Amino acid sequence: MIVKPRTKPHILLAYEALFRRLKKAFYNNEHIRNEYARFYAGYIGEKRVDYKLSLYPSSDLHLFYDLRLKQNDHYFQMDTLVLTRSFLCIIEIKNLKGTLIYDTLQKQLIQQADGKEIGFSDPVLQAETQKYNLENWLQQFNIQIPIETIIVSSHPTAIIKHTHNNPFHYNKFAHYDNLPS
(Lines give C-alpha, C1' and ligand atoms only; values in the text may rest on other atoms or scores of the structure.)
Protein backbone atom coordinates (compact mmCIF):
# COMPACT_ATOMS: atom_id res chain seq x y z
CA MET A 1 0.00 0.00 0.00
CA ILE A 2 1.36 3.39 -0.98
CA VAL A 3 1.26 5.67 2.05
CA LYS A 4 3.16 8.61 0.57
CA PRO A 5 3.03 8.68 -3.25
CA ARG A 6 5.90 9.93 -5.37
CA THR A 7 5.29 13.32 -6.91
CA LYS A 8 7.29 15.15 -9.54
CA PRO A 9 10.14 16.96 -7.75
CA HIS A 10 9.87 20.74 -7.37
CA ILE A 11 13.14 21.20 -9.26
CA LEU A 12 11.58 19.57 -12.37
CA LEU A 13 8.46 21.70 -12.05
CA ALA A 14 10.67 24.79 -11.77
CA TYR A 15 12.65 23.85 -14.90
CA GLU A 16 9.44 23.17 -16.82
CA ALA A 17 8.07 26.56 -15.79
CA LEU A 18 11.35 28.14 -16.87
CA PHE A 19 11.16 26.47 -20.30
CA ARG A 20 7.68 27.92 -20.83
CA ARG A 21 8.97 31.43 -20.14
CA LEU A 22 12.41 31.36 -21.77
CA LYS A 23 13.04 33.42 -24.86
CA LYS A 24 13.93 31.38 -27.94
CA ALA A 25 17.53 32.58 -27.83
CA PHE A 26 18.02 30.87 -24.45
CA TYR A 27 15.69 27.90 -24.90
CA ASN A 28 18.42 25.49 -26.01
CA ASN A 29 20.98 26.52 -23.39
CA GLU A 30 23.13 23.39 -22.98
CA HIS A 31 23.74 23.81 -19.24
CA ILE A 32 20.05 24.27 -18.43
CA ARG A 33 19.02 21.36 -20.68
CA ASN A 34 21.67 19.04 -19.18
CA GLU A 35 20.66 19.85 -15.61
CA TYR A 36 16.99 19.29 -16.42
CA ALA A 37 17.83 15.99 -18.15
CA ARG A 38 19.81 14.83 -15.10
CA PHE A 39 16.95 15.50 -12.68
CA TYR A 40 14.39 14.06 -15.08
CA ALA A 41 16.41 10.85 -15.52
CA GLY A 42 16.52 10.43 -11.74
CA TYR A 43 12.76 10.85 -11.51
CA ILE A 44 12.14 8.33 -14.32
CA GLY A 45 14.46 5.86 -12.62
CA GLU A 46 12.52 6.20 -9.38
CA LYS A 47 9.26 5.60 -11.26
CA ARG A 48 10.71 2.37 -12.75
CA VAL A 49 11.42 1.07 -9.27
CA ASP A 50 7.95 2.17 -8.10
CA TYR A 51 6.44 0.09 -10.88
CA LYS A 52 8.53 -2.95 -9.97
CA LEU A 53 7.42 -2.65 -6.33
CA SER A 54 3.77 -2.37 -7.41
CA LEU A 55 3.95 -5.83 -9.00
CA TYR A 56 4.26 -7.38 -5.55
CA PRO A 57 1.29 -6.06 -3.58
CA SER A 58 1.00 -6.98 0.04
CA SER A 59 -1.24 -5.73 2.79
CA ASP A 60 1.81 -5.95 5.07
CA LEU A 61 3.89 -3.67 2.83
CA HIS A 62 3.71 0.14 3.19
CA LEU A 63 5.61 2.36 0.77
CA PHE A 64 6.80 5.90 1.38
CA TYR A 65 8.28 7.65 -1.66
CA ASP A 66 10.59 10.67 -1.36
CA LEU A 67 10.30 10.70 2.40
CA ARG A 68 11.96 13.70 4.04
CA LEU A 69 12.28 13.76 7.83
CA LYS A 70 13.75 16.24 10.27
CA GLN A 71 16.45 14.99 12.65
CA ASN A 72 17.54 17.68 15.11
CA ASP A 73 18.29 20.77 12.98
CA HIS A 74 18.75 18.89 9.71
CA TYR A 75 16.62 17.05 7.21
CA PHE A 76 17.37 13.73 5.55
CA GLN A 77 15.63 12.27 2.53
CA MET A 78 15.11 8.69 1.34
CA ASP A 79 14.13 7.76 -2.21
CA THR A 80 11.90 4.92 -0.97
CA LEU A 81 11.15 3.54 2.48
CA VAL A 82 9.48 0.15 2.71
CA LEU A 83 7.74 -0.58 6.00
CA THR A 84 6.79 -4.10 7.04
CA ARG A 85 5.80 -5.54 10.42
CA SER A 86 9.27 -6.95 10.99
CA PHE A 87 11.69 -4.47 9.38
CA LEU A 88 12.19 -1.28 7.37
CA CYS A 89 14.09 -1.12 4.08
CA ILE A 90 15.64 2.01 2.64
CA ILE A 91 15.95 1.87 -1.14
CA GLU A 92 18.40 4.30 -2.72
CA ILE A 93 17.84 4.54 -6.48
CA LYS A 94 20.52 5.29 -9.09
CA ASN A 95 19.47 5.73 -12.72
CA LEU A 96 22.83 5.72 -14.47
CA LYS A 97 23.48 4.22 -17.89
CA GLY A 98 26.56 2.34 -19.02
CA THR A 99 28.85 0.28 -16.84
CA LEU A 100 28.68 1.01 -13.12
CA ILE A 101 31.79 -0.04 -11.26
CA TYR A 102 31.47 -0.12 -7.51
CA ASP A 103 34.91 0.20 -5.90
CA THR A 104 34.59 -1.08 -2.34
CA LEU A 105 38.13 -0.05 -1.36
CA GLN A 106 38.02 3.52 -2.67
CA LYS A 107 34.36 3.82 -1.61
CA GLN A 108 33.09 5.23 -4.87
CA LEU A 109 30.88 4.47 -7.84
CA ILE A 110 32.36 4.92 -11.30
CA GLN A 111 30.14 5.30 -14.36
CA GLN A 112 31.59 4.46 -17.77
CA ALA A 113 29.32 5.66 -20.59
CA ASP A 114 29.64 7.42 -23.92
CA GLY A 115 33.44 7.26 -23.77
CA LYS A 116 33.54 9.12 -20.45
CA GLU A 117 34.25 8.06 -16.90
CA ILE A 118 32.50 9.87 -14.04
CA GLY A 119 33.00 9.30 -10.32
CA PHE A 120 30.22 9.43 -7.76
CA SER A 121 30.26 9.21 -3.99
CA ASP A 122 29.64 5.84 -2.34
CA PRO A 123 25.91 4.98 -2.65
CA VAL A 124 26.22 2.28 0.05
CA LEU A 125 27.63 4.86 2.46
CA GLN A 126 24.81 7.22 1.48
CA ALA A 127 22.18 4.59 2.30
CA GLU A 128 23.93 3.63 5.54
CA THR A 129 23.94 7.31 6.56
CA GLN A 130 20.19 7.44 5.87
CA LYS A 131 19.82 4.32 8.02
CA TYR A 132 21.73 5.97 10.87
CA ASN A 133 19.56 9.09 10.60
CA LEU A 134 16.36 7.01 10.52
CA GLU A 135 17.45 5.01 13.58
CA ASN A 136 18.04 8.27 15.47
CA TRP A 137 14.73 9.69 14.28
CA LEU A 138 12.87 6.57 15.46
CA GLN A 139 14.63 6.70 18.84
CA GLN A 140 12.74 9.84 19.79
CA PHE A 141 9.57 7.73 19.61
CA ASN A 142 11.19 4.77 21.43
CA ILE A 143 10.89 2.62 18.31
CA GLN A 144 13.46 -0.06 17.62
CA ILE A 145 13.10 -2.07 14.43
CA PRO A 146 15.68 -3.63 12.11
CA ILE A 147 16.55 -1.46 9.11
CA GLU A 148 18.00 -2.81 5.86
CA THR A 149 19.41 -0.80 2.97
CA ILE A 150 19.74 -1.53 -0.74
CA ILE A 151 20.98 0.47 -3.70
CA VAL A 152 19.03 -0.20 -6.88
CA SER A 153 20.24 0.55 -10.38
CA SER A 154 17.10 1.47 -12.33
CA HIS A 155 18.55 1.97 -15.80
CA PRO A 156 17.45 -1.04 -17.89
CA THR A 157 20.78 -1.45 -19.72
CA ALA A 158 23.17 -0.67 -16.86
CA ILE A 159 25.87 -3.21 -16.11
CA ILE A 160 26.96 -3.45 -12.47
CA LYS A 161 30.49 -4.57 -11.67
CA HIS A 162 32.15 -4.88 -8.29
CA THR A 163 35.91 -4.34 -8.13
CA HIS A 164 36.48 -6.65 -5.17
CA ASN A 165 34.94 -9.92 -4.11
CA ASN A 166 32.88 -8.63 -1.21
CA PRO A 167 29.58 -10.50 -0.60
CA PHE A 168 28.26 -7.69 1.61
CA HIS A 169 28.31 -5.29 -1.34
CA TYR A 170 26.88 -7.82 -3.81
CA ASN A 171 23.75 -7.89 -1.67
CA LYS A 172 23.66 -4.10 -1.28
CA PHE A 173 23.81 -3.01 -4.93
CA ALA A 174 21.46 -4.70 -7.39
CA HIS A 175 19.66 -4.15 -10.67
CA TYR A 176 15.98 -3.22 -10.31
CA ASP A 177 14.87 -6.49 -11.89
CA ASN A 178 16.33 -8.25 -8.84
CA LEU A 179 14.53 -6.02 -6.34
CA PRO A 180 11.69 -8.40 -5.41
CA SER A 181 14.08 -11.21 -4.53
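Keep in mind that what you see is a predicted model, and the values were worked out from it rather than measured.
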Is there a side-chain hydrogen bond (donor to acceptor under 3.5 Å, both in side chains) between Lys94 and Gln126 once you walk through the steps? CA-CA 12 Å; Lys94 300 297 179 193; Gln126 179 184 2; 3.0 Å; yes
Intermediate values then yes/no, side chain to side chain contact (heavy atoms under 4.5 Å, CB included), Leu100 and Ile159: CA-CA 6 Å; Leu100 307 178; Ile159 299 167; over 6 Å; no
Residue pair Leu69, Phe64: steps toward the side chain to side chain contact (heavy atoms under 4.5 Å, CB included) verdict: CA-CA 12 Å; Leu69 300 172; Phe64 297 82; over 6 Å; no
Decide ring pair (Phe, Tyr, Trp, His ring centres under 6.0 Å) for Tyr40 and Tyr15; before the verdict, give the C-alpha distance in whole Å, the side-chain angles of both, and the deciding distance to 0.1 Å. CA-CA 10 Å; Tyr40 185 74; Tyr15 272 114; over 10 Å; no
Assess the residue pair Leu125 and Lys107 against the criterion (side chain to side chain contact (heavy atoms under 4.5 Å, CB included)); give the C-alpha distance rounded to whole Å, side-chain angles, the decisive distance to 0.1 Å, and a yes or no. CA-CA 8 Å; Leu125 180 60; Lys107 304 287 188 199; 5.8 Å; no
Could you walk me through whether Ile91 and Leu53 pass the side chain to side chain contact (heavy atoms under 4.5 Å, CB included) check? CA-CA 11 Å; Ile91 302 174; Leu53 288 171; 4.2 Å; yes
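Residues His162 and Tyr102 are in side-chain contact: their nearest non-hydrogen atoms beyond the backbone lie under 4.5 Å apart. The shortest distance between side-chain heavy atoms of Leu61 and Val82 falls below 4.5 Å. Side-chain contact between Lys4 and His62 is absent, with no heavy atoms from C-beta onward closer than 4.5 Å. No side-chain heavy atom of Val3 sits under 4.5 Å from any side-chain heavy atom of Leu83. Counting heavy atoms from C-beta on, the side chains of Asp122 and Glu128 never come closer than 4.5 Å.
Within the 3.5 Å criterion, the main-chain N or O of Trp137 finds a donor-acceptor partner in the side chain of Gln140. Distance alone, capped at 3.5 Å, places no donor-acceptor pair between the Gln111 side chain and the Ile118 backbone. Proximity of a side-chain donor or acceptor of Lys172 to a complementary backbone N or O of Thr149 within less than 3.5 Å is detected. In this structure a side-chain-to-backbone donor-acceptor pair under 3.5 Å is present from Asn29 to His31.
When all heavy atoms of Pro123 and Phe173 are compared, the closest pair comes out as CG-CE1, 4.4 Å. Nearest heavy atom pair, residue Glu16 against residue Tyr36, reads OE2-OH, 3.0 Å. Closest heavy-atom contact between Ile145 and Leu138: CG2-CD1, 4.0 Å. Contact between Ile90 and Ala127 at its shortest, heavy atoms only, is CD1-O, 4.4 Å. Contact detail for Ser154 and Ile93: the closest heavy-atom pair is OG-CG2, 3.6 Å. Contact between Ala174 and Ile160 at its shortest, heavy atoms only, is C-CD1, 3.6 Å.
To the nearest 0.5 Å, atom CD of residue Gln144 and atom CG of residue Asn142 are 8.0 Å apart. Annotation: the span from Phe76 atom CZ to Leu67 atom CG amounts to 7.5 Å, rounded to 0.5 Å. Atoms CD1 and CD, from Ile110 and Glu117 in turn, are 5.5 Å apart once rounded to the nearest 0.5 Å. Distance check: Asp79 CG to Asp66 CG gives 6.5 Å after rounding to the nearest 0.5 Å. Interatomic distance, CD of Gln108 versus OG1 of Thr163, reported as 9.0 Å (0.5 Å rounding). Atom CZ of Phe39 and atom NE2 of His10 lie 13.5 Å apart (nearest 0.5 Å).
Taking Gln130 as the reference, Glu92 meet the side-chain hydrogen bond (donor to acceptor under 3.5 Å, both in side chains) condition, with sequence neighbours excluded.
The closest side-chain donor-acceptor pair between Gln112 and Lys161, if any, does not fall under 3.5 angstrom. Between Thr80 and Glu46, the side chains place no donor N or O within less than 3.5 Å of an acceptor N or O (distance only, hydrogens not considered). At a cut-off of 3.5 Å, with distance as the only test, no side-chain donor of Lys97 or Thr157 sits close to an acceptor on the other residue.
Within 6.0 Å of the CZ atom in Phe120, the count of heavy atoms belonging to other residues, nucleotides or ligands exceeds 12.
Electrostatic pairing of Arg33 and Glu30 does not count as a salt bridge here, judged by no charged N lying under 4.0 Å from a carboxylate O.
Side-chain heavy atoms closer than 4.5 Å link hydrophobic residues (I, L, V, M, F, W, Y) into clusters, and following such links, even through other members, never connects Tyr65 to Leu13. By the rule that hydrophobic residues join a cluster once side-chain heavy atoms approach within less than 4.5 Å of another member, Ile151 and Leu96 end up as members of one cluster. Hydrophobic clustering keeps Met1 apart from Leu55 (ILVMFWY residues linked when any side-chain heavy atoms are closer than 4.5 Å, directly or through intermediates). Tracing side-chain contacts under 4.5 Å through hydrophobic residues (I, L, V, M, F, W, Y), one never reaches Leu81 starting from Tyr51; they form parts of separate clusters. Hydrophobic cluster membership differs between Tyr132 and Phe87, with clusters built from Ile, Leu, Val, Met, Phe, Trp and Tyr side chains linked at under 4.5 angstrom.
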